Chemist: 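Mind having a look at this structure? Questions to follow.
Values in this document were obtained by computation on a predicted structure and should not be read as measured data. Below, read A as the first sequence line, B as the second, and so on, with proteins coming before strands; counting in each chain starts at 1.
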2 protein chains.
Amino acid sequence: MSGSDPVAVTEAVAAVIAAVEAEEGKLAPKKRAVLEAALCCFAEQGFAATSTRSIAERAGVAEATIFRHFASKEDLLLRIVRPLGMRLMAPAVAEAEAVFAQADGDPEEMIRGIFRARLAFADRYAPLVRILLQELPVNPALQGLLQEGVIARLARFAEDRLTREAEQGHIRPIAAGRFLRIVASVLIGYWVSRSMVAPGDWDDEAEIAVMASVLARGLQP
Amino acid sequence: MSGSDPVAVTEAVAAVIAAVEAEEGKLAPKKRAVLEAALCCFAEQGFAATSTRSIAERAGVAEATIFRHFASKEDLLLRIVRPLGMRLMAPAVAEAEAVFAQADGDPEEMIRGIFRARLAFADRYAPLVRILLQELPVNPALQGLLQEGVIARLARFAEDRLTREAEQGHIRPIAAGRFLRIVASVLIGYWVSRSMVAPGDWDDEAEIAVMASVLARGLQP
DNA sequence: TTTGCGAGTGAGTGATTACTCACATTTCTG
DNA sequence: CAGAAATGTGAGTAATCACTCACTCGCAAA
């Protein structure tokens with residue numbers, strides 16, 4: 001309802017545009033406008049509650065123009081969301097893997113690193129994240145994408161680091177799936193609180209410090 | 001997509017029926033049927049994607065019957081969701097408060113108690129919880145209800161217990177809001193994983209033990 | 001200059017939307 | 001038992017839905 005931070009919108013739009021252009025070359029200007037408008041509408045009202053008419057109006061385009069470039073409203077959604085999994089999540093996962101690889105011996109700093117990076121990521125692409133959170137409960141395709149494309153891959157990598165740390169006695173032995181779920185839950189819970197439930201003044205660094213401290217100590221052997 | 005556990009549906013339906021009957025006496029049978037059908041439809045497809053026609057068909061009722069008993073589709077949603085805040089959350093909050101009050105000196109057992117109770121609650125009223133999770137991002141009224149009616153009240157109560165425990169050196173000093181957010185995040189993350197993202201075989205007691213252990217140790221001074 | 005083509009659109013399409021209304025039927029009440 | 005009130009519905013309503021189609025336009029190759 002409150003609308004989205006224009007900076008974040010621009011970032012998210014730019015990312016989606018870049019991803020689509022990588023597939024099919026330079027986009028027609030009005031196709032760009034449709035993507036941008038749809039992204040905002042879906043993020044604000046949800047997919048089902050958004051009409052193609054309102055997208056067209058926001059884009060300054062005839063309704064027919066939407067269907068020249070996209071097969072259906074559903075196709076438009078997928079075009080917007082798919083890059084999130086493919087092009088955005090992949091570097092994000094790699095980045096998280098880098099955090100796992102570094103920072104030997106200090107799990108708390110590792111968690112802080114993950115939190116800072118993922119929080120910046122979520123803020124950068126806030127409208128996309130919002131769409132993802134809304135559609136996830138009703139869209140099995142998205143559930144599968146998230147489950148296999150992100151969680152499973154990340155867990156496989158984290159497993160190595162975590163067993164190594166556990167053998168050295170730095171942390172308690174814990175399954176990677178559980179570790180990731182707990183850390184991700186705390187992170188997502190914070191993001192949702194801060195930017196959806198109770199927007200206002202939040203001291204990210206202080207909150208991250210508390211969350212990382214609690215989690216790191218919780219993981220001690 | 002998988003549909004809801006019929007037992008859970010019955011529980012949730014019974015709770016909503018009971019709440020509405022408490023307000024306006026015995027319900028007309030078809031009004032009951034409408035409430036039940038709407039509850040299932042909203043939980044499965046989301047509010048916006050559910051048509052009044054599909055509700056009527058599922059309820060075995062004429063579409064007009066819906067509007068004899070409910071002013072609008074939106075009103076129907078609120079009638080279903082409001083009891084969750086008022087009648088269901090209130091005992092839940094009281095129950096959580098009881099957990100806070102008991103179990104002095106063992107935060108881990110306290111957290112396990114909270115987890116067991118809230119998990120059972122969420123399973124009992126799974127369709128309602130599903131609706132709540134789906135509508136929360138787009139419905140500011142629900143956001144306010146949750147924020148002020150549940151979180152604020154619970155935080156006020158938890159504050160006492162937490163400062164008391166902190167003074168005795170059992171746990172580190174932590175703001176109640178942060179404590180609740182972290183615990184709730186882990187709990188919700190688990191519930192969503194278990195019953196929405198990756199349904200399958202989960203050993204609740206084992207998972208609860210891990211989560212409670214991590215959180216309790218994380219809260220040590 | 002002609003021809004072909006992708007971009008863009010106004011004016012529709014039938015289907016579906018939430019919702020209404022006149023009227024039948026059942027239930028309650030005096 | 002009479003009559004009022006509550007419950008239920010078939011047949012609508014206008015509006016909106018996602019989507020189509022015949023068409024124009026600007027532009028570039030032949």
Side-chain angles (χ1 to χ4, degrees), chain A residues 16-17 20-81 131 134-135 138-139 141, chain B residues 16-17 20-81 131 134-135 138-139 141:
Chain A
V16 171
I17 301 286
V20 178
E21 283 190 338
E23 280 184 13
E24 55 195 74
K26 190 76 179 169
L27 293 183
K30 303 246 166 173
K31 182 166 186 176
R32 243 182 117 101
V34 168
L35 276 171
E36 181 172 336
L39 178 61
C40 297
C41 288
F42 291 159
E44 285 167 17
Q45 318 163 31
F47 173 74
T50 298
S51 66
T52 52
R53 186 181 178 181
S54 70
I55 296 172
E57 279 174 6
R58 186 160 189 159
V61 149
E63 218 177 326
T65 305
I66 296 174
F67 296 96
R68 165 146 317 269
H69 295 292
F70 304 94
S72 65
K73 188 182 153 193
E74 177 85 25
D75 175 51
L76 183 50
L77 173 69
L78 292 180
R79 293 292 247 178
I80 288 173
V81 167
I131 293 173
Q134 284 179 45
E135 289 308 308
V138 253
N139 197 326
Chain B
V16 170
I17 301 286
V20 177
E21 283 190 338
E23 279 184 13
E24 56 197 74
K26 190 75 179 170
L27 293 183
K30 303 245 166 175
K31 182 167 187 176
R32 242 181 117 100
V34 168
L35 276 172
E36 180 172 336
L39 178 60
C40 297
C41 289
F42 292 159
E44 285 167 17
Q45 318 163 29
F47 173 74
T50 299
S51 66
T52 53
R53 185 180 178 182
S54 70
I55 296 173
E57 277 174 8
R58 186 160 190 161
V61 147
E63 219 177 325
T65 305
I66 296 175
F67 296 98
R68 165 141 324 267
H69 295 292
F70 304 94
S72 64
K73 188 183 153 193
E74 175 86 26
D75 176 51
L76 181 51
L77 173 69
L78 291 180
R79 294 292 249 177
I80 289 174
V81 166
I131 294 173
Q134 282 178 47
E135 288 308 308
V138 254
N139 196 325

Chemist: As a quick check of understanding, evaluate side-chain contact (heavy atoms from CB on, under 4.5 Å) for A/Asn139 and A/Glu74, giving each step before the final call.
Modeler: CA-CA 11 Å; A/Asn139 197 326; A/Glu74 177 85 25; 4.3 Å; yes
Chemist: Look at the side chain of A/Lys31 and the backbone N and O of A/Phe70, then say whether any donor-acceptor pair between them is shorter than 3.5 Å.
Modeler: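 Not a single qualifying donor-acceptor pair exists.
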Chemist: Test your reading of the model: is there a side-chain donor-acceptor pair from A/Lys30 to the backbone of A/His69, 3.5 Å cut-off?
Modeler: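 No, A/Lys30 side chain to A/His69 backbone: no donor-acceptor pair under 3.5 Å.
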Chemist: What is the separation between atom NZ on A/Lys30 and atom C1' on D/dC25, rounded to the nearest whole Å?
Modeler: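 In whole Å, D/dC25 C1' and A/Lys30 NZ are 12 Å from each other.
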Chemist: Would you give the length of the straight line joining atom CD of B/Glu63 to atom OG1 of B/Thr52, rounded to the nearest 0.5 angstrom?
Modeler: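 Here the interatomic distance stands at 4.0 Å.
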Chemist: Starting at the 5' end of DNA chain C, what dot-bracket string do you get if Watson-Crick and G-U pairs under 3.5 Å are bracketed, crossing pairs use [ ], other-strand pairs use | and unpaired bases use dots?
Modeler: ||||||||||||||||||||||||||||||
Chemist: Under 6.0 Å from the CZ atom of A/Arg58, do we count more than 12 heavy atoms belonging to anything else shown?
Modeler: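 Counting other residues, nucleotides and ligands, CZ of A/Arg58 exceeds 12 neighbours.
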Chemist: Could you grab the distance from atom OG of B/Ser72 to atom CD1 of B/Ile66, nearest 0.5 Å is fine?
Modeler: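 Between B/Ser72 OG and B/Ile66 CD1, I get 11.5 Å after rounding to 0.5 Å.
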Chemist: Over how many whole Å does the gap from B/Arg68 atom CZ to D/dT9 atom C1' extend?
Modeler: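 About 9 Å, once rounded to whole Å.
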Chemist: To the nearest 0.5 Å, what is the distance between CD on A/Glu36 and CD1 on A/Ile55?
Modeler: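 Nearest 0.5 Å value for the CD-CD1 distance: 12.5 Å.
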Chemist: Roughly how far, to the nearest 0.5 Å, is CG of B/Leu39 from CD1 of B/Ile17?
Modeler: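 One gets 8.5 Å once the value is rounded to the nearest 0.5 Å.
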Chemist: Is a donor on one side and an acceptor on the other found under 3.5 Å between the side chain of B/Gln134 and the backbone of B/Ala43?
Modeler: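 Such a contact is found between B/Gln134 side chain and B/Ala43 backbone.
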Chemist: One character per nucleotide, please: for nucleotides 10-19 of chain D, 5' to 3', B when the base has a protein heavy atom closer than 4.0 Å, S when only the sugar-phosphate does, - otherwise.
Modeler: B------SBB
Chemist: Nearest heavy-atom pair of A/Val20 and A/Arg79: which atoms, and what distance?
Modeler: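 Closest heavy-atom pair between A/Val20 and A/Arg79: CG2-O, 4.3 Å.
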Chemist: Rounded to whole Å, please give me the gap between CG in B/Leu27 and P in D/dA6.
Modeler: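 Taking atom P of D/dA6 as the reference, CG of B/Leu27 is at 15 Å.
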Chemist: Would you grab the first and last nucleotide of DNA chain C (5' to 3') that comes under 4.0 Å of any non-hydrogen atom in chain B?
Modeler: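 Footprint of chain B along DNA chain C, 5' to 3': C/dT17 to C/dA22.
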